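Down below is the structure, laid out as structure tokens.
In this text the structure is predicted, and so the values were computed from the model without any measurement. Reminder, nothing fancy here: chain letters follow the sequence lines and each chain counts from 1.
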Amino acid sequence: MNADEARQTVERIARESYGRLVALLVVRTRDVACAEDFLAEAFAAALEQWPTQGVPANPDGWLVTVAKRRHLDDLRRGQVQMNGEPHLQMLASEIEAAARISEELPDRRLALMFACAHPLIEREARAPLILQTVLGITAKAIASAFLVSPGSMSQRLVRAKAHIKDCAIPFSVPEQNEMPERLNAVLEALYAAYSTAWDEPHDGASELAPEAIWLTRLIAAMLPEEPEAKALLAMMLYAQARRSARRDRAGCYVPIDLQDIALWDRTQIAQAENLLHACNRSGPSGRYQLEAAIQSAHIVRRLSGANCWPAIVSLYDHLVSLTHSPVAVLNRAAALAEVAGPDAALAELSAISKDKRMLGYQPYWATLGHLNLRAGNIEAAREALKIAIGLSTDDAVRQHLRQRLPS
Amino acid sequence: MNYMMLIHHDDAALGKANQKELWADYAAFNDALAKAGGRSGVRLKPASAATSVRVRDGKTEIIDGPYADTKEKLAGYFMIDADSDAEAVAWAQRCPSARYGTIEVRPVMDVHQ
């Protein structure tokens with residue numbers, strides 16, 4: 001093997017297994033920043049040794065062993081304060097851990113996610129922290145996804161990691177009574193990760209979407225009593241199933257009503273349907289359950305031609321009263337137009353037309369434009385669509401709106 | 001907080017863009033900006049029209065061309081009042097010039113602070 005190949009292997013592992021390796025190490029170090037430092041040293045050692053000595057049979061295990069050895073060296077030098085007993089325990093568990101790395105991985109990552117979602121960590125840092133430590137996304141990429149400067153994102157992450165250490169936040173799946181609050185933050189992070197991947201213009205450019213789905217699947221399987229986890233997984237699968245139909249050959253955005261349903265992945269849709277049925281059986285309707293049900297209704301509408309619009313409107317009624325979100329009001333109005341016509345929908349929109357959040361929200365102006373177009377208010381349609389174009393950052397969406405703009 | 005959004009253009013990249021579409025996008029962007037309470041700023045003539053002046057030890061030096069001879073040159077600015085850095089960055093992201101150059105997001109010093 002030449003040096004290039006070895007380097008590529010190291011890079012691939014860093015990309016694919018980073019979060020898993022941090023999760024595993026953090027059990028020993030109890031400190032995310034410290035685990036990442038040792039892992040970085042292990043990667044540096046790999047870059048140095050693998051080109052000449054070859055890639056080991058179990059590269060993940062090799063990296064973990066090297067990182068743990070560095071940690072032990074530190075302990076011996078007394079740089080990390082710890083009393084004797086946990087140290088001995090650690091030595092013992094290290095020997096057995098090496099043998100069962102693969103089976104340990106899933107729940108370790110889960111435990112790390114729940115630790116990152118701890119209420120002591122500032123709310124805005126939880127999702128980015130999960131994205132970085134569990135999914136191995138760089139601070140710079142996270143900063144872009146959350147639209148903050150890389151500098152302040154790095155600071156936020158460093159602060160959060162220091163907090164985990166200082167408050168000795170345990171790395172475990174929380175008790176039942178602590179679950180709802182933490183689970184929300186974890187699901188929110190996974191939702192953000194999936195949405196980030198969805199917004200990426202080039203399909204296949206990122207491993208983020210399958211990673212987010214994989215982790216959500218893990219949570220849904222480990223917490224079968226939590227309907228919202230299943231519902232989020234269903235939502236991701238409904239979206240994923242339609243992924244290849246959302247752009248045409250020229251890269252132009254295709255709305256659901258114009259998508260070629262032959263391109264939809266029926267296996268993923270069936271999986272999502274099963275999940276939705278399963279979560280509706282158990283417990284109250286949460287936000288993700290309602291949103292997944294809305295996706296399901298849209299898909300049934302296209303596949304069977306059935307008129308699902310009244311059902312969609314009443315699902316949005318629930319979502320509006322649950323979240324009080326102007327975005328839910330906006331989407332409800334769009335659905336209402338199919339039942340009661342564009343004028344009724346426009347009347348509903350006046351309730352949020354003064355909301356400052358809507359003034360810079362592209363979908364608000366796009367919906368306003370489309371509804372006015374249908375109502376025959378050409379001037380109002382032109383104005384709203386133009387603003388929607390001005391607010392778009394995706395060229396495919398801009399292109400789609402330009403075609404709707406009345407000349 | 002007030003932000004000045006400094007637009008830096010790569011004139012070569014900008015020249016290659018579809019001009020009709022670019023300026024239509026700019027008009028749309030300015031409309032959106034005005035709706036959200038931003039102020040459209042100014043567009044500068046090309047950097048080749050610039051003159052740079054400095055005084056050193058009482059002597060005035062006058063140089064043809066822009067202050068910094070970089071590939072991307074200052075081409076104009078606009079102002080926004082945003083609640084957070086994130087909101088300011090979102091506006092930079094929407095500005096058509098971001099596709100052909102760089103938008104520098106600079107918080108404006110508040111003299112009352």
Side-chain angles (χ1 to χ4, degrees), chain A residues 124-125 127-128 140 142-156 192 196 199 201 252 353-366 368-369 379-407, chain B residues 1-8 13-14 16-41 43 76-108:
Chain A
E124 312 82 78
K140 197 174 155 217
I142 299 169
S144 286
F146 287 80
L147 295 179
V148 301
S149 73
S152 44
M153 180 52 79
S154 295
Q155 278 174 8
R156 197 182 280 180
T196 305
D199 288 337
C252 197
S353 64
K354 296 280 177 291
D355 193 314
K356 194 169 172 281
R357 286 168 292 180
M358 289 296 106
L359 293 179
Y361 187 60
Q362 191 270 355
Y364 169 76
W365 294 102
L368 193 66
E379 247 341 284
R382 187 180 292 126
E383 193 208 347
L385 287 174
K386 203 172 157 202
I387 291 171
I389 291 172
L391 291 171
S392 303
T393 51
D394 182 342
D395 208 39
V397 172
R398 253 194 311 267
Q399 198 63 36
H400 170 76
L401 290 170
R402 272 192 210 110
Q403 287 163 5
R404 297 286 173 292
L405 201 63
S407 45
Chain B
M1 192 172 2
N2 270 308
Y3 292 83
M4 180 181 257
M5 316 289 274
L6 296 153
I7 300 168
H8 300 267
L14 195 75
K16 282 189 201 126
N18 178 334
Q19 297 298 308
K20 196 173 154 228
E21 214 168 86
L22 171 67
W23 297 112
D25 281 352
Y26 240 114
F29 172 74
N30 283 332
D31 278 5
L33 189 67
K35 210 54 162 181
R39 281 157 285 158
S40 53
R43 187 180 161 200
Y77 74 88
F78 61 96
M79 304 287 294
I80 58 151
D81 185 11
D83 291 336
S84 64
D85 284 0
E87 199 187 322
V89 170
W91 279 105
Q93 194 190 15
R94 288 165 186 149
C95 177
S97 290
R99 283 170 254 154
Y100 307 102
T102 304
I103 312 294
E104 188 179 331
V105 179
R106 289 281 285 271
V108 175

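When each of B:P96, B:A27, B:A92 is scored by its heavy-atom pairs under 4.5 Å with chain A, the top score falls to B:A27.
In terms of heavy atoms, A:G390 sits closest to B:R94 at O-CB, 3.8 Å.
A salt bridge is defined here as a Lys NZ or Arg NE, NH1 or NH2 lying under 4.0 Å from an Asp or Glu carboxylate O, and B:D25 with A:R402 meets this definition. Note on B:K35 versus A:E383: salt bridge recorded, some NZ/NE/NH1/NH2 to OD/OE distance being below 4.0 Å.
By the 6.0 Å contact criterion, CZ on B:R106 is open, its count of non-hydrogen atoms from other residues, nucleotides or ligands being 12 or less. When the shell of 6.0 Å around CZ of A:R357 is examined, it contains 12 or fewer heavy atoms from other residues, nucleotides or ligands.
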side-chain contact (heavy atoms from CB on, under 4.5 Å) between A:L391 and B:W91: does it pass, once the steps are laid out?
-> CA-CA 8 Å; A:L391 291 171; B:W91 279 105; 3.5 Å; yes
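Contact of B:A88 with chain A is not made at all, since no heavy-atom distance falls under 4.5 Å. Neither the backbone nor the side chain of B:N30 comes within contact range of chain A, judged by heavy atoms closer than 4.5 Å. At a 4.5 Å heavy-atom cutoff, A:Q362 makes no contact with chain B through either its backbone or its side chain.
Rounded to the nearest 0.5 Å, atoms CG (B:L33) and CD1 (A:I387) are 10.5 Å apart.
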